[in-house]
Amino acid sequence: MLFNNNLSKILALISSIILLLICMVISIVYGYADTSFQTAYQAFTQFNDSNEHLIIQNVRLPRALIAASVGASLAIAGVLMQTLTKNPLASPGILGINAGAGFAVVFAMVFFQSTSLQSFAWIAFVGATVATAAVYGISSTGRDAMSPIKITLAGAAMSALFSSFTQGLLATNEAELDQVLFWLAGSVEGRKLELLIAVLPYLIIGWIGALLIAPKMNVLALGDDVAKGLGLPVGLIQLAVGFIVIMLAGGSVAVAGPIGFIGIVIPHLARKCVGNDHRWLIPMAALLGGILLLLADVSARYIIMPQEVPVGVMTAFIGTPFFIYIARKGFRKA
Amino acid sequence: MQYRTIRLLQQKISFLLDIKATKKISLLFCLVLAMFILSASVGDSFINPLNVFQILFGGGNDFDRLVVVDFRLPRILIAAFAGMALAVAGAILQGMIKNPLASPDIIGISAGGGAAVVAFLAIFSDQNHSLTVSIQWLPIAGFIGATVIGFVVYFLAWKDGITPIRLVLIGIGVSAFMQAMTTMLMLLGPIYRASEANIWITGSVSGASWEQVKMVVPWTILLLVISFFITRHLNVQELGDDTASNLGQPVQKMRFLLLLLSTCLVAGAIAFAGAIGFVGLMAPHIARRLVGSSFGVLIPTAASIGALLVMAADVIGRTAFSPLEVPAGVFTAAIGAPYFIYLLFRNPKN
């Protein structure tokens with residue numbers, strides 16, 4: 001790990017916070033309509049009705065806030081899932097939770113013409129819960145119960161299942177395809193601040209829950225049997241972690257659509273920085289997750305100007321080589 | 001179990017025939033034929049199954065002939081052969097990876113084909129979004145995409161040999177990446193292109209023609225015959241890598257051949273029928289419950305079940321919501337997914 005003692009870890013956290021803020025400013029200033037730092041500053045201090053100020057307040061700021069909070073949530077969910085399943089490849093994307101939430105939202109759009117923000121969040125939670133329960137149920141049976149390979153395969157199977165359902169719905173409802181496609185790719189573009197505010201309570205519950213449960217995660221990481229021997233109510237903790245993950249992943253999908261790979265990459269980077277102590281790991285992962293998604297989002301604006309690449313595609317570009325690296329390295333050391 | 005030994009050519013060729021399984025396979029084969037006749041007779045205009053027989057043997061009136069021979073037969077044949085190919089590829093992959101959850105949809109072969117098809121539609125379009133080359137080339141793109149990704153997965157998973165686990169994990173990662181690429185390419189083009197691509201990815205045989213049948217049928221039959229003979233090596237591999245190499249099997253070489261075989265099967269199938277999901281996952285399971293897991297009998301059983309599934313899905317797709325046509329892949333997923341979940345919960349020991 002990069003930072004050994006508490007002082008350096010605190011410094012690392014503080015510098016990550018500063019970096020996160022810088023990234024947010026970059027995300028507000030740069031893009032198709034280039035603005036300057038002064039304009040951005042004035043948009044908040046001396047607002048006039050100019051186009052630039054409107055863009056900054058109504059488009060760029062929500063976008064930056066959403067990217068930061070979604071990135072942080074997905075990264076925390078990744079850390080929790082990796083520790084819970086002892087699987088270095090666990091993440092909301094690979095284990096099918098994103099796909100479950102995504103299918104639920106498309107289903108609701110097609111059949112109930114549902115568009116209200118609040119209902120979006122709840123529908124996504126239902127989908128995320130169903131997917132989590134299914135993956136957990138499938139992988140906890142049999143001789144090799146909860147083995148990393150079994151969990152990963154169960155997740156991939158559920159993921160394939162939900163995405164083929166989604167495709168089926170869209171193949172028969174062309175009109176919806178247009179609306180849903182960009183959302184399905186995972187994107188933080190064009191989201192209203194109200195959408196974030198609608199799910200923010202759940203995300204905050206998830207963040208606080210993750211911080212509170214962090215010491216318990218350290219014990220859980222020793223293995224279920226050891227944790228039980230040390231007096232930890234393992235079943236209860238697993239349930240709580242599942243709940244937190246659903247809040248974080250479901251909330252993120254409701255806002256930004258299924259964005260993959262953040263939940264895999266960031267926990268590993270954060271572990272490289274501050275080690276395996278979850279009390280440090282979780283905040284560090286949250287900050288790094290926010291930074292990564294902000295940067296991915298900014299670069300997504302520039303790659304094929306004037307169009308935009310969905311940020312979910314950007315994270316796949318960044319994340320796949322990393323995923324393959326971990327898969328090749330094998331499971332033992334993780 | 002009852003076996004009968006068959007010896008031919010003064011004992012140069014001999015094999016064991018599993019009598020019970022052979023009976024079941026014959027029964028399944030009859031079912032496939034019945035399904036074939038049924039799919040040829042139902043549709044927008046109903047044609048008596050007896051008339052279908054007449055038409056197949058050269059009789060019947062002109063109109064019915066046109067409907068059956070020119071419209072229905074190509075798609076039925078494509079559906080049947082795509083189903084067989086996907087099912088056999090799934091059986092091989094599950095045996096090789098020793099995990100019942102493995103299938104061509106999961107290790108990225110289908111996703112590679114999907115990305116290639118969307119890329120094809122994007123690259124060969126002019127300013128007005130009309131294609132600059134014939135749409136006939138689309139299956140070739142799908143074929144190339146699936147094959148290339150098969151090799152990429154194999155190459156990335158190579159590290160002093162292939163282990164099944166690494167192959168699956170890399171496949172899952174590559175698959176997620178290809179899906180991201182597909183979504184991006186769909187987004188960048190006009191919406192009707194996205195919907196065209198989406199139908200392909202879901203899997204549909206509605207565009208079938210006799211030219212396609214002439215390509216896909218010999219190809220699939222050739223590969224199925226090879227599979228039938230090569231898969232006895234899978235029985236040995238199921239004992240574990242060490243035992244297999246002690247028994248004299250070149251494990252890594254065999255693994256490469258098996259992956260190549262299943263990639264070719266899948267590529268040929270999805271090139272014309274699209275990435276029909278869950279057949280490769282579901283058919284081998286059903287087959288294993290019927291005849292056990294010895295590959296000699298498993299392959300023909302899985303093939304028949306695969307053919308049945310895709311033909312049935314196609315029939316439902318074009319009749320249930322008529323005049324709207326629903327892609328066959330929607331139904332294979334709708335039947336396959338719940339069955340699959342049920343299997344996993346009911347039979348935890350496998």
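First the proteins, then the strands, lettered A, B, ... as listed; each starts at 1.
Heavy-atom pairs under 4.5 Å with chain B peak, among A/L169, A/T320, A/V309, at A/T320.
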Pair B/F177, A/F323 - check side chain to side chain contact (heavy atoms under 4.5 Å, CB included), show working.
CA-CA 10 Å; B/F177 181 72; A/F323 182 96; over 6 Å; no
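Here the shortest heavy-atom pairing between A/F317 and B/M181 reads CZ-SD, 3.6 Å. When all heavy atoms are compared, the tightest approach of B/I106 to A/A160 is CG1-CB, 4.5 Å.
Using a 4.5 Å cut-off between heavy atoms, B/I201 touches chain A through backbone and side chain atoms alike. Only the side chain of A/F261 comes within contact range of chain B, judged by heavy atoms closer than 4.5 Å. Neither the backbone nor the side chain of A/I264 comes within contact range of chain B; no heavy atoms are under 4.5 Å apart.
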Name every donor-acceptor pair, under 3.5 Å, that has one atom in a side chain of residues 162-172 of chain B and the other anywhere in the protein, sequence neighbours excluded.
| residue | atom | partner | partner atom | Å |
| --- | --- | --- | --- | --- |
| B/T163 | OG1 | B/R166 | N | 3.4 |
| B/R166 | NE | B/A157 | O | 3.0 |
| B/R166 | NH2 | B/K159 | O | 3.1 |
| B/R166 | NH2 | B/G161 | O | 2.9 |

Identify every side-chain donor-acceptor pair in residues 294-302 of chain A under 3.5 Å, counting partners at least two apart or on other chains, and give the distances.
| residue | atom | partner | partner atom | Å |
| --- | --- | --- | --- | --- |
| A/D297 | OD1 | A/R63 | NE | 3.3 |
| A/D297 | OD1 | A/R63 | NH2 | 2.7 |
| A/D297 | OD2 | A/R63 | NE | 2.9 |
| A/D297 | OD2 | A/R301 | NH2 | 3.1 |
| A/S299 | OG | A/L295 | O | 3.0 |
| A/S299 | OG | A/A296 | O | 3.0 |
| A/R301 | NH1 | A/S27 | O | 2.8 |
| A/R301 | NH1 | A/Y30 | O | 2.5 |
| A/R301 | NH2 | A/S27 | O | 3.3 |
| A/R301 | NH2 | A/S27 | OG | 3.1 |
| A/Y302 | OH | A/G31 | N | 3.1 |

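The distance from the CE atom of A/M314 to the CE atom of B/M184 is 9.5 Å, given to the nearest 0.5 Å. Between B/D105 atom CG and A/S163 atom OG the span is 9.5 Å, to the nearest 0.5 Å.
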